[in-house]
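Encoded as structure tokens, the structure appears first; notes follow it.
The shown structure was predicted, so the numbers you read here are calculated from the model rather than taken from an experiment. Whatever order the structure lists them in is the order used to number ligands and atoms, beginning at 1. Numbers here simply count residues along the sequence, with the first being 1.
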Amino acid sequence: MAAALRDLAHTAPAATRLGSRAMYDAIVIGARCAGAATAMLLARGGFEVLLVDRAALPSDIPHGHFVHRHGPERLARWGLLERVLATNCPAVTSMTTDFGDHALAGHDLTVDGVPLGIAPRRDRLDAVLAEAAVQAGVELRDRFAVLNPVRDGERVTGITGRDARSGAHVTEHASIVIGADGRNSALASAVGAQVYESAPTATCWYFSYWSGLDCRGLELHVRSGRVVFAFPTNDGLVGLFVGFAIGELGHVRADPEAAILDSVDAIAGLGERVRGGRREERCYGATQLPNFLRTPHGPGWALVGDAGCHKDPFMALGICDALRDAELLSTGVGEGLAGTRPMPEALAEYARRRDEATLPDYRQNLAMAHFEPLPEQHLRLRAALRGDRQATDHFFLATQGMVAPQTFFNDEHLGRIMRGAAGVSG
Ligand SMILES: Cc1cc2nc3c(=O)[nH]c(=O)nc-3n(C[C@H](O)[C@H](O)[C@H](O)COP(=O)(O)OP(=O)(O)OC[C@H]3O[C@@H](n4cnc5c(N)ncnc54)[C@H](O)[C@@H]3O)c2cc1C
């Protein structure tokens, strides 16, 4: 996989070259889940795309990587789920949540063969996406750092960048420049993309990877001011991620491993399981995790992924939302490029649809990252589900959006569950 991607990078389809300088339909900055997916979808739509990343690819990044909700289904629809699983990444089909009340577990969570989740390390997931982009005709240049947007008046018309391989400074032009360059997006800064919803960092995260740790599904354990995630990932390892209220940063940073172990010891059985395994990598940390939405478009430019909307990792929404927004943006840009809709109107529609899809989760995620207690009603429902395996599986499928939520969350159904738990017939 790694060699294949290295071979594919820097292969410029001849059709994309116009004289000595390329004129592309789109230039995408950032070749990970948001950028590679956007570039791939545009190329599959027949457009000429240049995809650049300052990193050498494939490479890992110290971010989490549990992909759930609409993410696995979208990868399946793009023909990429099997390729991700083939990186020796297990399908995750069970999930346990524990908010300090009790552990509630859902099993066999698959719909039409698509599992609840997958947790590929980022060098694998991003490589699958970048490879698919290249196979669709995208020109990929890694180790290429974008320095500035090129403008014609207010309009962005291209980029200048430095190719680390040759040392050359390069200018490229396109009808649209897309920033998929992460939460510290330089494109967003350069164009002055407005932030219109924001909240400061709520949590800091420390994590590592264990062998020999018995963990077959996603586990989520919340205790006051701390959250522990565990999930199986590539090569038989288990990712163990702990989020701490940001006020704990000082002492957690002093000894991250001790803080992780202290957190798992607070959860019945987990401390023993972790100590029964072996930590295989160093402890990584992430401490600058502001929450924001930026206006994701303007004349000649657009933003996708973390560049346009960054959320605390609590609900693990970054990747699945980046894939969804790649689809929304590529649809809009495709309409604009094809002339079936004026580009400004198509981009405004992208922004509207992104916000409609993301804002409720953005706000719920923020509440969870502040460790706000679960609503009483939700706790009562969790209590009522105890011991009812079928209803619990349905609950998880509905909360994950794997089946229509209203099939579970309707008054009649909820009433039946609550009455059943109370031992009332009918
Ligand atoms: C601790 C932690 C845990 C997380 N856990 C999860 C999880 O379990 N599940 C989940 O879905 N999400 C999780 N996330 C969030 C997820 O990692 C991000 O949402 C996701 O990486 C966003 O992808 P992206 O493609 O938008 O940006 P990124 O993955 O940040 O990629 C941006 C790319 O742009 C490139 N770039 C930047 N500037 C330039 C430039 N000037 N020139 C060229 N290239 C440039 C970078 O090299 C990089 O490769 C977590 C994040 C953290 C920090």
Side-chain angles (χ1 to χ4, degrees), residues 27-39 50-72 92 117-123 125-127 129-130 140-149 159-164 170 177-190 201 203-208 218 220 227 229-231 233 239-244 283-291 294 296 303-326 329 358 361 365 369:
I27 295 173
V28 182
I29 310 169
R32 294 195 182 271
C33 52
T38 304
L50 172 63
L51 174 64
V52 298
D53 202 299
R54 65 183 172 201
L57 299 174
S59 53
D60 210 357
I61 45 172
H63 285 201
H65 42 91
F66 192 77
V67 186
H68 61 138
R69 294 191 165 207
H70 41 86
V92 176
I118 40 169
R121 297 292 290 264
R122 289 297 294 273
D123 55 346
L125 174 67
D126 297 341
L129 290 164
L140 170 64
R141 298 186 207 169
D142 67 344
R143 300 184 61 201
F144 183 102
V146 173
L147 302 174
N148 284 302
I159 54 161
T160 61
R162 185 174 176 279
D163 188 328
V170 181
V177 174
I178 295 170
D181 47 348
R183 62 184 185 267
N184 299 316
S185 170
L187 181 67
S189 304
T201 300
T203 59
C204 56
W205 289 76
Y206 286 88
F207 56 97
S208 190
L218 173 68
L220 164 76
V227 54
F229 277 95
F231 49 78
T233 180
L240 192 61
F241 283 63
V242 184
F244 303 86
C283 292
Y284 306 96
T287 61
Q288 304 284 322
L289 300 165
N291 301 272
R294 291 182 174 127
L303 303 173
V304 66
D306 279 5
C309 173
H310 185 256
K311 299 180 270 285
D312 189 282
F314 202 111
M315 285 170 64
L317 297 171
I319 298 170
C320 61
D321 285 2
L323 301 179
R324 177 199 63 212
D325 295 346
L329 177 59
T358 221
D361 287 342
N365 186 57

Quick one: pull up OG1 in T38 and CD1 in I178 and give me the separation to the nearest 0.5 Å. 6.0 Å
N or O pair under 3.5 Å between I319 and ligand 1: yes
Using a 4.0 Å cutoff against the non-hydrogen atoms of G30, which atoms of ligand 1 qualify? 33 (C), 34 (O), 35 (C)
Examine ligand 1 and decide if any of its atoms is less than 4.0 Å from a heavy atom belonging to A322. no
Could you check whether any side-chain N or O of D181 sits under 3.5 Å from a backbone N or O of A186, counting only pairs where one atom can act as donor and the other as acceptor? yes
Straight-line distance of H63 NE2 to R183 CZ, nearest 0.5 Å: 4.5 Å
Examine distances only and state if a side-chain atom of T287 and a backbone atom of C204 form a donor-acceptor pair shorter than 3.5 Å. no
CZ/R122 to CG/L57 distance, rounded to the nearest 0.5 angstrom? 11.0 Å
Examine ligand 1 and decide if any of its atoms is less than 4.0 Å from a heavy atom belonging to V67. no
Out of N365, T358, D306, which one pairs with K311 under the side-chain hydrogen bond (donor to acceptor under 3.5 Å, both in side chains) rule? T358
Please report which non-hydrogen protein atom sits nearest to atom 4 (C) of ligand 1, along with the residue it belongs to and the distance in Å to one decimal place. G64 N, 3.0 Å
Hey, is F229 one of the residues with a heavy atom under 4.0 angstrom from ligand 1? no
Please could you name the atoms of ligand 1 that A145 approaches to less than 4.0 Å, counting only its heavy atoms? 42 (N)
Let's go through R32 and L129 carefully: what are the C-alpha distance in whole Å and the side-chain angles of both, what is the deciding distance for side-chain contact (heavy atoms from CB on, under 4.5 Å) to 0.1 Å, and is it a yes or a no? CA-CA 7 Å; R32 294 195 182 271; L129 290 164; over 6 Å; no
Could you state the interatomic distance from CD (Q288) to OG1 (T201), rounded to the nearest 0.5 Å? 5.5 Å
min-distance protein heavy atom vs atom 21 (O) of ligand 1 -> R122 NH1, 2.8 Å
Out of F231, F229, Y206, F66, which residue meets the ring-ring contact (aromatic ring centres under 6.0 Å, His included) rule with F241? F231
Less than 3.5 Å between some nitrogen or oxygen of A307 and one of ligand 1, yes or no? no
Students should be able to answer this: which protein heavy-atom is nearest to atom 48 (C) of ligand 1, and at what distance? D53 OD2, 3.5 Å
So how far is it from L323 CG to H70 NE2, rounded to the nearest 0.5 Å? 8.5 Å
Pull out every atom of ligand 1 sitting under 4.0 Å from any heavy atom of I61, numbered as shown with elements. 29 (O)
Give the atoms of ligand 1, by number and element, whose distance to some non-hydrogen atom of F144 is under 4.0 Å. 42 (N), 43 (C)
Under 4.0 Å from a heavy atom of A286: which atoms of ligand 1 are those, numbered in the order shown and with their elements? 1 (C), 53 (C)
Give the residue, atom name and distance (to 0.1 Å) of the protein heavy atom nearest atom 44 (N) of ligand 1. R54 N, 3.0 Å
Do the side-chain N and O atoms of R294 and S189 include a donor-acceptor pair separated by under 3.5 angstrom? no
Test item: N291 side-chain N/O and D312 main-chain N/O as donor-acceptor pair under 3.5 Å: yes
Any heavy atom of L289 closer to ligand 1 than 4.0 angstrom? yes
Give the residue and atom name of whichever protein heavy atom lies nearest to atom 17 (O) of ligand 1, and the separation in Å to one decimal. H63 ND1, 2.8 Å
Quick one: CD1 on I319 to CG on D126, what's the gap to the nearest 0.5 Å? 7.5 Å
To which protein heavy atom is atom 9 (N) of ligand 1 closest, and what is the distance rounded to 0.1 Å? F66 O, 2.9 Å
Per-atom contacts of ligand 1 with A180, taking only distances under 4.0 Å to non-hydrogen atoms: 32 (C), 33 (C), 34 (O)
Any idea which protein heavy atom is nearest atom 42 (N) of ligand 1, and the distance to it? V146 N, 2.9 Å
Test side-chain contact (heavy atoms from CB on, under 4.5 Å) on L125 and H65 and set out the steps. CA-CA 9 Å; L125 174 67; H65 42 91; 6.0 Å; no
For W205 and V227, run side-chain contact (heavy atoms from CB on, under 4.5 Å): C-alpha distance rounded to whole Å, both residues' side-chain angles, the deciding distance at 0.1 Å, then the answer. CA-CA 9 Å; W205 289 76; V227 54; 3.7 Å; yes
Which of the atoms in ligand 1, numbered in the order shown and given with their element, are less than 4.0 Å from a heavy-atom of F207? 1 (C)
Please write down residue, atom name and distance for the protein heavy atom closest to atom 18 (C) of ligand 1. D306 OD2, 3.2 Å
Strictly under 4.0 Å, does any heavy atom of C33 approach an atom of ligand 1? yes
Note: A119, heavy atoms under 4.0 Å from ligand 1, region reported as neither
Honestly, for D321 the part within reach of ligand 1 (heavy atoms, under 4.0 Å) is neither
Under 4.0 Å from any heavy atom of A34, which atoms of ligand 1 are there? 24 (P), 25 (O), 26 (O)
